[in-house]
K.L.:
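Got a structure for you, questions after.
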There are 2 protein chains.
Amino acid sequence: MAAAKTARGRIAPLPEEDSLSLGERAYRQLRDAIVEGLLPAGRKISERSLAIDLGISAQPVREALRRLEQDGMVITLPRRGTMVAEVSPVRLAELGRIRAALEGVATALAAERMDDAALAVLAAILKRMQAGTEAHDVDALAEANAEFHALIHQATGNPFLIRSLGSLQAYDHLGRRRAVGSTPRDFPKALAEHRGIVAALKKRDPALAEARMRQHILRSLVTNGVLPPQSPRKGHAP
Amino acid sequence: MAAAKTARGRIAPLPEEDSLSLGERAYRQLRDAIVEGLLPAGRKISERSLAIDLGISAQPVREALRRLEQDGMVITLPRRGTMVAEVSPVRLAELGRIRAALEGVATALAAERMDDAALAVLAAILKRMQAGTEAHDVDALAEANAEFHALIHQATGNPFLIRSLGSLQAYDHLGRRRAVGSTPRDFPKALAEHRGIVAALKKRDPALAEARMRQHILRSLVTNGVLPPQSPRKGHAP
DNA sequence: CATGGACAACTGCCATAGCAGTTGGCAGCT
DNA sequence: AGCTGCCAACTGCTATGGCAGTTGTCCATG
């Protein structure tokens, strides 16, 4: 997981892993450890012992645990202890639907204010996606996909949205890890959906871009087994 | 949650105000102070001086500021200072649309798992709303409205959703405070929308409930001047 | 008068220490 | 054996102090 090594370096949300605050580093380490499965659900986490393991004080650790609690990845009973939260399949499905909705509004906002330069970067990412799809390069596709969505998030310029989607994306990784066996071959479909999203962005059509992005996320969750097939129909007229 | 006194001074926190951690209390106090306008945008906040003002240590204050930063209400430049963030009308509109989307998902989830008891409580709240509308009791309507939405949030059982909507609701209060002059007379319309939402919940129709709730929030934002009229049409087919 | 540099007064950040409440287990009694 | 009560070892939480980086001010210098 190298720092965002994009061509232009436009997005650089990971500045210098060294100069980050200890609390921030502890937060990311713990978050990664949880989504990687190194810290299974129910595992007790002590501020002190964890601080000793990380070689730092208890304060940054506490700060990281508070943020993780806000993300819903750990739960702490006051004066009793902190443990990593169980993320049931039901809960994972909920979070997926939440993420779909938030990615939708993010794309709608991006459609209203994305400039041509950012759109060009998106087009370049699309080309890399096509190459990766033809070559079946899973790693390259994952990286391009991450950049694709991150670019849209940044285009909104909304910190709340960026932060929330960052937290939810961690759960997405957790969901992919649970997807048993080989990943389904949905790469061509995902490529087509990404193209449709970019087309909507270029047309400056927020509603269309939102609908396509949301549907893209939902379908992706379905093929990953996070959501059951045949989601409820959309298009209700108020 | 009975202890909502709705007096002039403090908004009563949900659990007993005494047994909360100092960090939690500091967080709520600061949040309320910001949305009430006591701490204007750009105002510098020092961990130490604020700790002295609150009569506590600097750690809980720091913890509260971190949470507020995650909510987007303050921004802190490392080693330079923390100040309350400027919430421009544009940003307020973004947050409103985000809230509309999240309230929509929450209502969809609630439609799938809300039990009859909760539905009965909703019906009771509707009756209070009708009485409040006829009597033009603004305070009673506000309280009933808060309970209405809080009940739906709780029905989802999703901590992430509950927490996020709680933060966004603070911005809603801020938006209402900016609404100049007397509040527009949208009470009958809001009542009808609430009834439509409850009807969709009773029919266990997640998509319909979501659409109605989202439209309700968006229209409310429009009448409050947070969003411009004539939002982009919905109903795009992917 | 204008300009540059150093010192003092901040700031956020972290480490240490100690508090109060909770838990688990062992001794002592029935 | 089975139960009760207490004590030590935890836990999260808060207070205090000090660190390094930033900023603003004041004096010396061109």
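Letters A, B, ... mirror the listed sequences (proteins, then strands); counts begin at 1.
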K.L.:
Output the rounded distance in Å from CD (B:E63) to P (C:dG12).
P.N.:
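B:E63 atom CD is separated from C:dG12 atom P by 16 Å.
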
K.L.:
Across the strands shown, which category fits A:L65 at heavy-atom distances under 4.0 angstrom: base, sugar-phosphate, nothing?
P.N.:
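No contact.
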
K.L.:
Between the side chain of A:S220 and the main-chain N/O of A:H216, is any donor-acceptor distance below 3.5 Å?
P.N.:
no

K.L.:
So for B:R79 and C:dG12, does any side-chain atom that can act as donor or acceptor lie under 3.5 Å from a complementary atom in the base?
P.N.:
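Yes.
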
K.L.:
Measure from CD on B:E47 to P on D:dG17 and round the result to the nearest Å.
P.N.:
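Atom-to-atom, B:E47 to D:dG17, this comes out as 17 Å.
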
K.L.:
Aromatic rings B:H149 and B:H194: how do their planes relate, parallel, tilted or perpendicular, breaks at 30° and 60°?
P.N.:
perpendicular

K.L.:
Take B:E63 and A:R66, measure what salt bridge (charged side-chain N to carboxylate O under 4.0 Å, His left out) needs, and give me the verdict at the end.
P.N.:
CA-CA 8 Å; B:E63 182 174 320; A:R66 277 290 164 282; 3.4 Å; yes

K.L.:
Look at the side chain of B:L22 and decide which nucleotide, out of D:dG12, C:dG12, D:dA15, has an atom nearest to it.
P.N.:
D:dA15

K.L.:
Taking atom C1' of D:dG12 as reference, at what distance in whole Å does atom CD1 of A:I45 sit?
P.N.:
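Distance check: A:I45 CD1 to D:dG12 C1' gives 13 Å.
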
K.L.:
Decide whether B:D32 and B:Y27 meet the rule of one side-chain donor and one side-chain acceptor closer than 3.5 Å.
P.N.:
no

K.L.:
Relative to the 5' end of DNA chain C, which residue comes earlier, B:S49 or A:G55, by the nucleotide with the nearest heavy atom?
P.N.:
B:S49

K.L.:
To the nearest Å, give me how far apart CE (B:M83) and P (D:dT23) are.
P.N.:
10 Å

K.L.:
When you measure from the side chain of A:I56, which nucleotide among D:dT22, D:dT16, C:dA15 comes out closest?
P.N.:
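Per side-chain heavy atoms of A:I56, the pick is C:dA15.
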
K.L.:
Is A:S46 close enough to D:dC10 that one of its side-chain N or O atoms is under 4.0 Å from OP1 or OP2 there?
P.N.:
no

K.L.:
Using whole Å, report how far CZ of A:R62 lies from P of D:dA15.
P.N.:
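In whole Å, D:dA15 P and A:R62 CZ are 11 Å from each other.
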
K.L.:
Round to the nearest Å and state the distance from B:R25 atom CZ to D:dT14 atom C1'.
P.N.:
12 Å

K.L.:
Rounded off to whole Å, could you give me the CD-to-P distance for the A:E24 and C:dC14 pair?
P.N.:
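Atom CD in A:E24 sits about 10 Å away from atom P in C:dC14.
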
K.L.:
So does A:R67 pair up with A:D71, basic N to acidic O under 4.0 Å?
P.N.:
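No, this pair does not count.
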
K.L.:
Would you kindly give the CD1-to-C1' distance between B:I75 and C:dG12, to the nearest whole Å?
P.N.:
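So the two atoms are 15 Å apart, to the nearest Å.
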
K.L.:
With distance as the sole criterion, do the side chain of A:R80 and the base of C:dG21 form a donor-acceptor contact below 3.5 Å?
P.N.:
no

K.L.:
Both A:Q59 and A:P78 contact DNA chain C. Taking the nearest nucleotide for each, which residue is further toward the 5' end?
P.N.:
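The 5'-side residue here is A:Q59.
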
